[in-house]
Amino acid sequence: MDFDTPINRIGTHCVKWDMMEKLYGVPAEGGLAMWVADMEFRPPAIVQQAVERMAAHGVYGYFGDDRAYLEAIRWWMKNRHGWDVAAGDIFTTHGLVNGTGLCLEAFTAPGDGVVLTTPVYHAFARTIKAAGREVRECPLSLIDGRYEMDFAAWDGLMTGRERMFILCSPHNPGGRVWTAEELRGVADFCKRHDLILVSDEIHHDLVFPGQRHLPMPLAAPEIMDRLVMMTATTKTFNIAGSHTGNVIIADPALRAKFAAKIMALGISGNSFGMHMATAAYSPDGAEWVDALMAYLEGNRQVFDAGMAGIPGLRSMLLEATYLAWLDFSGTGMAPAEFIGRVEKEARIATNHGDAFGTGGETFLRFNIAAPRAMVVEAVERMQAAFRDLQ
Ligand SMILES: Cc1ncc(COP(=O)(O)O)c(C=O)c1O
């Protein structure tokens, strides 16, 4: 397991490096790509071998016989998360943005409201708006440098037109691992306002040592009749290009609606993604994730210590995810000023905080899942770009 050796991705048609000049004006040569949430690492050898076996065979037909695939998912959820999943509850989608879109189509109608706890993963709002539904922002409270939920305030924001709540657990950005009490609070909120709860747990394996993620079905088993779970191998094992995710639904009525949508849209598994996921959800995969998190812990420390040295900047302490969330509000600078310094002086491409909704405006999101040397380089560039503050 080598996380240190840099891998040149320029010219491979990857969005993170090959689109960054077009989108940010930061040239890939000489720039640092720290936006999109994929990692600068190869997946575990066992995943690579699965792809090599497919390539060596050379016939790329339709996938069938999903017993090993479903068993691998069940094994992973039981062993890593203590969660029993029934094989018959598992749907395979083309990733979880696709899963989100399918949930919107299956469980809401045009004009319905969908609750998001902002700032939150930007594709949720994009998908909701594109589907002709309305985003209902419920802002997270920033208390002592970490995000918390304020159910009493959120009660007052409901209009009666809301049908769905999309939870990001663990949270992107900000890296919160929600507590059992917070998750039960979400479940109660959904009951109170009669909402379907879609729990996107794509980051559930990327939890730092000392933290424990709790799957929603374990936190609030009483809401299984309104719960839709979303999980994937893609973020955990850095195989997002395989576009494969799982939507897991225990309630028969919700499952039937979702199945009808999958059928209507002709969605079936991508054979590369299915083979890669089957390989990844294994003891070898588990060992790799443990090593990955130990490495990312080092990156997190380097990044946070470096940012702490720049007056006015504050990096939120991540409990999960490799997405550092850096607050520039203490600098008193307008977004154009700090973004300009990061992109033009430091030559780093990051995700702009305003895309994540209310509360994100003074932040930039830095992806720190890269060889340590790149994180060190980013810190040095940031210190140089904000030298006048030190
Ligand atoms: C919370 C969350 N959901 C979904 C996705 C993307 O999922 P997919 O690549 O499976 O569409 C991301 C990517 O960063 C994410 O952070």
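Residue indices begin at 1 and follow the sequence shown. Order of appearance sets the numbers: ligands from 1, and atoms from 1 within every ligand.
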Under 3.5 Å: N/O of Asn172 near N/O of ligand 1: yes
Closest approach of any protein heavy atom to atom 7 (O) of ligand 1, naming residue and atom: Ile202 CD1, 3.5 Å
Side chain to side chain contact (heavy atoms under 4.5 Å, CB included) assessment of Val135 paired with Val114: CA-CA 5 Å; Val135 174; Val114 180; over 6 Å; no
Whether Phe124 and Tyr121 hold their rings parallel, tilted or perpendicular, with breakpoints at 30° and 60°: perpendicular
N/O separation below 3.5 Å, Phe124 to ligand 1: no
No-hydrogen, no-angle side-chain donor-acceptor test under 3.5 Å, Tyr24 and Thr350: no
Atom 3 (N) of ligand 1 protein-contacted (non-hydrogen atom, under 4.0 angstrom): yes
Whether Phe328 and Phe366 hold their rings parallel, tilted or perpendicular, with breakpoints at 30° and 60°: parallel
Any Cys168 heavy atom less than 4.0 Å to ligand 1: yes
Numbered atoms and elements of ligand 1 in range of Lys235, under 4.0 angstrom, heavy atoms: 12 (C), 13 (C), 14 (O)
Ser329 and Asp327: side chain donor to acceptor below 3.5 Å: yes
Tyr121 N/O to ligand 1 N/O under 3.5 Å: no
Ile223 versus Met216, closest heavy-atom pair with distance: CD1-CG, 4.4 Å
Atoms in ligand 1 flagged as close to Ala37, the criterion being non-hydrogen separation under 4.0 Å: 14 (O)
Protein heavy-atom partner closest to atom 10 (O) of ligand 1 - residue, atom, separation in Å: Leu96 N, 2.7 Å
Electrostatic pair Arg226:Asp251 at N-O distance under 4.0 angstrom: no
Part of Val97 within contact of ligand 1 (heavy atoms, under 4.0 Å): both
Contact with ligand 1 for His203, non-hydrogen, under 4.0 angstrom: yes
Mutual orientation of the aromatic rings belonging to Tyr295 and Phe3 [parallel < 30°, tilted 30-60°, perpendicular > 60°]: tilted
